[in-house]
Amino acid sequence: MTKTISLLGSTGSIGRQTLEVCRELGVRVAALTAGRNIDLLEEQAREFRPQLAVVSELEPALELARRLEGLPIEVAYGVDGLRRAASLAESDTVVTAVVGMAGLFPTLAAIEQGKRVALANKETLVCAGELVMAAAEKYGAEIIPVDSEHSAIFQCLQGCRDRRPEGGHGPDTGGEVRRVILTCSGGPFYGMSRAETAGKTRADALRHPNWTMGAKITVDCASLMNKGLEFIEAMHLFAMPPDQVSVVIHRQSIIHSMVEFRDGAVLAQLGTPDMRLPIRYALTYPRRGASDLPALDLLSCPPLTFAPPDLEAFPCLGLAMDCARTGGASCAVLNGANEAAVALFLREEIPFGRIPELVEGALNAILVKSNPSLEDILEADRLARDYVARAVGRMA
């Protein structure tokens with residue numbers, strides 16, 4: 001079981017819930033990182049007494065250091081600070097709960113130290129999955145998924161003798177896994193047409209029916225881009241080709257995902273929609289820690305329903321699936337354009353319907369490399385963000 005963590009993104013939704021789990025399990029916190037929310041970070045630092053606290057920029061770092069004066073807590077900032085937090089010798093596990101591409105470099109730093117990475121930052125694998133998984137193999141690092149869907153698949157695979165996809169390489173006809181099935185709530189706009197969602201507002205998109213999450217991921221759930229990113233992430237985590245990853249709408253968010261095996265058996269992981277469950281499993285794996293959280297009451301569950309996703313009404317999912325098949329740096333373009341477009345939407349500078357338009361425009365406009373280096377991935381990300389800025393008139 002995890003004894004000490006570095007928590008990257010401690011003031012966000014996943015970060016706060018991770019600290020709840022740490023309190024219950026008695027896990028020590030060696031490092032905390034946040035963006036600019038130094039009020040909450042100060043509160044967390046005073047309670048957990050990490051040796052290192054990191055914020056995004058110099059000015060808030062100076063203010064935090066002033067507030068924590070007299071405590072044995074070092075304050076750092078920026079990408080270098082994140083890397084230091086991810087590399088601390090005292091931490092056996094690094095929880096990456098930062099949002100977006102900002103999670104890539106500290107995740108790689110943790111991997112290079114051979115640490116367990118409890119991964120809640122899907123963009124790391126979306127943009128650089130091949131490089132990240134190759135680094136994990138090289139340095140002997142464990143990547144344990146925290147996303148509820150990927151945690152469900154990971155749990156369903158425990159005890160599987162051969163986790164390779166069916167038809168993979170080997171003396172037999174391949175592995176035991178036929179496909180993985182990601183469940184999707186459908187978000188707040190389920191059942192609407194593309195025209196009906198086009199003018200939806202920030203407030204509309206942030207009303208998720210089942211989960212309480214950060215603003216960016218909640219908007220991605222509304223557009224189904226979140227499921228598209230999870231589609232790509234699942235391919236890398238479980239070494240699955242795109243035609244062996246499926247998405248099904250499951251409005252109740254009771255079944256978190258499923259694995260179908262070569263003999264036709266399907267295993268599903270069920271539970272209440274509470275992110276503390278996959279967080280706890282990532283910190284206690286391969287064991288399960290006791291919990292006071294309410295168990296799923298099957299007798300009070302609503303009927304469990306399933307439906308195919310509507311790719312016409314929610315084109316972001318289809319765009320992500322296309323990028324998964326194309327590979328290369330296309331996924332970095334997809335992610336970069338989406339991050340930029342969602343940021344504009346959250347600032348109420350564009351309507352909801354412009355998000356898929358801007359992402360598709362970036363994918364059509366930017367040439368991508370088929371076997372990208374890390375530098376190529378970063379360049380694709382930059383070009384995608386620049387495209388979005390130009391398209392909405394925010395750059396000369």
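The backbone N or O of Gly214 lies less than 3.5 Å from a partner atom in the side chain of Thr218, making a donor-acceptor pair. Using modelled atom types, no side-chain atom of Ser253 and backbone atom of Pro273 make a donor-acceptor pair closer than 3.5 Å. A donor-acceptor pair is defined here as one N or O able to donate and one able to accept, closer than 3.5 Å; no such pair exists between the side chain of Asn338 and the backbone of Met225. Here the side chain of Thr2 pairs no donor or acceptor atom with the backbone of Thr4 at under 3.5 angstrom. Here the side chain of Ser91 pairs no donor or acceptor atom with the backbone of Val94 at under 3.5 angstrom. Distance alone, capped at 3.5 Å, places no donor-acceptor pair between the Glu233 side chain and the Leu229 backbone. Checking side-chain atoms of Asp376 against main-chain N and O of Ser373 turns up a donor-acceptor pair under 3.5 Å. With hydrogens and angles ignored, the 3.5 Å screen pairs no side-chain donor or acceptor of Ser370 with any backbone N or O of Gly328. Under a 3.5 Å cut-off, the side chain of His250 and the backbone N or O of Ile255 do form a donor-acceptor pair. Between the side chain of Ser193 and the backbone N or O of Ala313 there is no donor-acceptor pair closer than 3.5 Å.
Pairing each heavy atom of Pro351 with each of Ala198, the nearest pair is CB-O, 3.6 Å. Between Ser257 and Ile153, the shortest heavy-atom distance links the atoms CB-CG1, 3.7 Å. Taking both residues in full, the closest heavy atoms of Arg280 and Val21 are given as CA-CG1, 3.9 Å, listed atom of the first, atom of the second, then distance. Nearest heavy-atom pair across Ile73 and Pro50 is CG1-O, 3.1 Å. Of all heavy-atom pairs spanning Gly187 and Pro209, the tightest one is C-CD, 3.8 Å. Here the shortest heavy-atom pairing between Ala76 and Gly81 reads CB-CA, 4.1 Å.
The CE atom of Met321 sits 10.0 Å away from the CD1 atom of Ile232 when rounded to the nearest 0.5 Å. Rounding to the nearest 0.5 Å gives a distance of 11.5 Å between CD1 of Ile38 and CD of Glu57. Note: Ser148 OG to Glu230 CD = 6.5 Å, rounded to the nearest 0.5 Å. Put simply, CD1 on Ile181 and CD on Gln244 are 11.5 Å apart, with the number rounded to the nearest 0.5 Å. Distance CG/Leu299 to CG/Asp297: 5.5 Å, rounded to 0.5 Å. How far CE of Met213 is from SG of Cys221: 3.5 Å, rounded to the nearest 0.5 Å.
With respect to Glu260 and Arg178, a salt bridge is recorded, a charged nitrogen being found less than 4.0 Å from a carboxylate O. The residues Arg202 and Glu348 are annotated as not salt-bridged, no charged nitrogen and carboxylate oxygen being separated by less than 4.0 angstrom. Salt-bridge formation is detected for the pair Arg276/Glu20: a Lys NZ or Arg NE/NH1/NH2 atom is positioned less than 4.0 Å from an Asp or Glu carboxylate oxygen. Taking 4.0 Å as the cut-off between side-chain N and carboxylate O, Glu112 and Lys138 do not count as a salt-bridged pair. Salt-bridge formation is not detected for the pair Arg262/Asp162: no Lys NZ or Arg NE/NH1/NH2 atom is positioned less than 4.0 Å from an Asp or Glu carboxylate oxygen. In summary, Arg84 and Glu74 engage in a salt bridge, as defined by a charged side-chain N under 4.0 Å from a carboxylate O. Salt-bridge annotation for Glu339 and Arg385: present, with a side-chain N of the basic residue lying under 4.0 Å from a carboxylate O of the acidic one. With salt bridges taken as basic N to acidic carboxylate O contacts below 4.0 Å, one links Lys216 and Asp220. With salt bridges taken as basic N to acidic carboxylate O contacts below 4.0 Å, none links Glu69 and Arg66.
For Phe154 and Tyr285, the ring centers sit closer than 6.0 Å to each other.
Counting heavy-atom neighbours within 6.0 Å of Gln158 CD, excluding the residue itself, gives a total above 12. Counting non-hydrogen atoms of other residues, nucleotides and ligands closer than 6.0 Å to CD of Glu130 gives a total of 12 or fewer. Counting heavy-atom neighbours within 6.0 Å of Arg36 CZ, excluding the residue itself, gives a total of 12 or less. Counting non-hydrogen atoms of neighbouring residues, nucleotides and ligands closer than 6.0 angstrom, the CG atom of Asn371 reaches no more than 12 such neighbours. Shown here is Glu59, whose CD atom has no more than 12 heavy atoms of other residues, nucleotides or ligands within 6.0 Å.
One hydrophobic cluster, built from ILVMFWY side chains closer than 4.5 Å, cannot hold both Val29 and Leu40; they sit in different ones.
Below 30°, between 30° and 60°, or above 60°: for Phe238 and His150 the angle between ring planes is below 30°, a parallel geometry.
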Output a table of donor-acceptor pairs, distance under 3.5 Å, between side-chain atoms of residues 354-362 and any protein atom two or more places apart or on a different chain; print 'none' if there are none.
none

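Residues satisfying the side chain to side chain contact (heavy atoms under 4.5 Å, CB included) test with Asp204, not counting sequence neighbours, are Phe189, Lys200, Thr201, Arg207.
When each of Val117, Val98, Asn335, Leu104 is tested with Thr124 by the rule side chain to side chain contact (heavy atoms under 4.5 Å, CB included), just one qualifies, namely Leu104. The only member of Leu283, Thr93, Asp92 that meets side chain to side chain contact (heavy atoms under 4.5 Å, CB included) when paired with Lys3 is Asp92.
Two residues are said to be in side-chain contact when any heavy atoms from C-beta on lie closer than 4.5 Å; Leu298 and Leu296 meet this criterion.
For the pair Arg83 and Phe105, the cation-pi test (distance below 6.0 Å, angle within 45°) is passed.
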